[in-house]
Amino acid sequence: MGIKGKNKQKIVVILGPTASGKSDLAVQLSLRFNGEVVSADSRQVYKGMNIGSGKITKKEMKGVPHYLLDVASPKRKFTASRYKQLSEKAINKILKKKKIPFVCGGSAFYIKALVDGIILPEVPPDWNLRKKLEKEDAESLYKKLKKIDPKRAKNIDRQNKRRLIRAIEIIEKSKKPVPGIKKNSPYNPLFLGLKISQKELSKKIEKRLKKRLQRGMVKEVKKLRESGVSFKRLEEFGMEYEWAAKYLQKKISKKEMVERIQKESEQFAKKQMAWWKNDKRINWIKTQKQAEVLVKSFL
RNA sequence: GCCGCGGUAGCUCAGUGGUAGAGCACUUCUCUGAAAAAGAAGGGGUCGUCGGUUCAAUUCCGACCCGCGGCA
């Protein structure tokens with residue numbers, strides 16, 4: 001760490017693919033180094049989504065406080081920006097107690113938004129506007145954007161409608177061009193990345209899925225539906241929620257459900273790794289011991 | 001045994017007398033308030049086998065092999 005990190009607040013970031021053992025490591029390190037955990041998971045923020053999202057249980061927390069779990073209703077959409085606000089607040093709280101924040105989770109975009117200090121424009125989603133723009137094709141959206149904000153148009157993926165719509169939304173609502181991403185992080189992070197072979201991971205996912213089914217994963221999804229979360233919404237969540245929802249609607253068999261979840265989890269793990277593959281800041285580790293050595297010298 | 005239908009990419013299947021496509025999968029990549037999201041690029045096929053017709057066959061004809069259904 002150079003001078004740059006000197007005045008910044010030290011935080012530890014634990015990342016890695018799904019089923020790699022992040023949550024457990026976070027608890028162990030917190031116990032050892034007087035820390036508290038800030039989750040970085042786009043599904044675990046929702047209330048009632050426990051088994052399918054792999055949310056840590058009270059018992060597994062071993063008394064270590066966890067933040068950013070159960071902070072939203074699954075009926076409403078949570079966002080990266082909201083995540084950033086809440087997690088910053090949580091970190092401040094932890095630091096005030098003279099404890100170490102351990103940011104732990106699999107949602108790379110959330111981690112980046114928080115740790116790398118990306119400034120997300122203060123424009124809330126306008127679903128009506130999005131719906132309207134959704135009807136146009138990418139080319140015409142791109143042309144529209146180019147006219148009102150040529151600078152943003154220059155770097156944007158011109159075939160990605162979702163991004164184009166968001167950019168137009170920001171401009172129309174704020175009456176200003178899309179601001180640049182300023183990276184000005186108040187943190188000095190230590191990145192710990194859990195590395196695990198594809199084969200081993202696949203086995204772990206399989207074992208974990210069996211356990212989840214035993215613990216009542218399907219029942220959990222059924223309960224969510226009964227509490228008013230639509231099947232469409234459940235399918236949007238992906239993986240266990242998507243396929244259990246399809247199974248409950250009798251669109252697929254139980255066997256198919258299990259196969260799809262397994263497959264998609266493996267794909268998801270690969271995608272998760274892609275975010276960090278070329279990030280030189282990450283210390284790739286395999287054991288808790290390695291993590292402890294790194295954290296000790298960091299603090 | 002007979003009749004019918006089928007055998008084309010890892011899978012499900014389009015298609016054509018001038019040696020082939022789609023979706024999914026796979027590999028690589030991007031990431032400015034949905035991120036388990038969204039998007040991009042790429043690799044891959046002796047078109048069941050052997051013959052025949054033709055300038056040319058994956059496509060037409062014949063035989064055979066394999067699968068599915070029906071009849072006996």
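Order of the sequence lines sets the chain letters (A, B, ...), proteins ahead of strands, with each chain counted from 1.
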Visitor: Contact between A:Ile171 and A:Leu145 at the side-chain level, heavy atoms closer than 4.5 Å - yes or no?
Guide: yes
Visitor: Which whole number of Å gives the distance between the P atom of B:C55 and that of B:G45?
Guide: 31 Å
Visitor: Could you identify the nucleotide paired to B:G39, looking across every strand shown and requiring Watson-Crick or G-U wobble geometry with both distances under 3.5 Å?
Guide: B:C29
Visitor: Determine whether the aromatic ring centres of residues A:Tyr46 and A:Phe237 are separated by less than 6.0 angstrom.
Guide: yes
Visitor: For A:Lys271 and B:A34, what is the distance between atoms NZ and C1' respectively, to the nearest whole Å?
Guide: 13 Å
Visitor: From B:G39, B:C26, B:A34, pick the nucleotide closest to the side chain of A:Gln159?
Guide: B:G39
Visitor: Provide the distance between the two C1' atoms, one in B:A25 and one in B:C13, to the nearest whole Å.
Guide: 15 Å
Visitor: Among the candidates B:A35, B:C26, B:A34, find the nucleotide nearest to the side-chain atoms of A:Phe109.
Guide: B:A35
Visitor: With rounding to whole Å, what would you report as the distance between B:A22 and B:A56 at their C1' atoms?
Guide: 27 Å
Visitor: For a side chain to side chain donor-acceptor pair (under 3.5 Å) with A:Tyr241, tell me which candidate from A:Arg43, A:Arg233, A:Glu220 qualifies.
Guide: A:Glu220
Visitor: Does A:Lys99 reach the main-chain N or O of A:Ser30 with its side chain, forming a donor-acceptor pair under 3.5 Å?
Guide: no
Visitor: By nearest atom, which of the nucleotides B:A34, B:U32, B:U28 is closest to the A:Thr79 side chain?
Guide: B:A34
Visitor: With no angle test and no hydrogens, is the base of B:A34 tied to the side chain of A:Arg166 by a donor-acceptor pair under 3.5 Å?
Guide: no
Visitor: Under the 3.5 Å rule, do the base of B:A35 and the side chain of A:Arg43 count as making a donor-acceptor pair?
Guide: no
Visitor: For B:C5 versus B:A9, give the span between their C1' atoms, rounded off to a whole number of Å.
Guide: 23 Å
Visitor: Is there, by distance only and without an angle test, a donor paired with an acceptor across the side chain of A:Asp157 and the base of B:A40 below 3.5 Å?
Guide: no
Visitor: For the C1' atoms, the ones on B:C47 and on B:A38, what distance do you get once it is rounded to whole angstrom?
Guide: 36 Å
Visitor: What's the gap between B:G7 and B:G15 when it is taken at their P atoms, as a whole Å value?
Guide: 10 Å
Visitor: I want to verify a distance call: between B:C26, B:C29, B:U32, whose nearest atom is closest to the A:Ile170 side chain?
Guide: B:U32
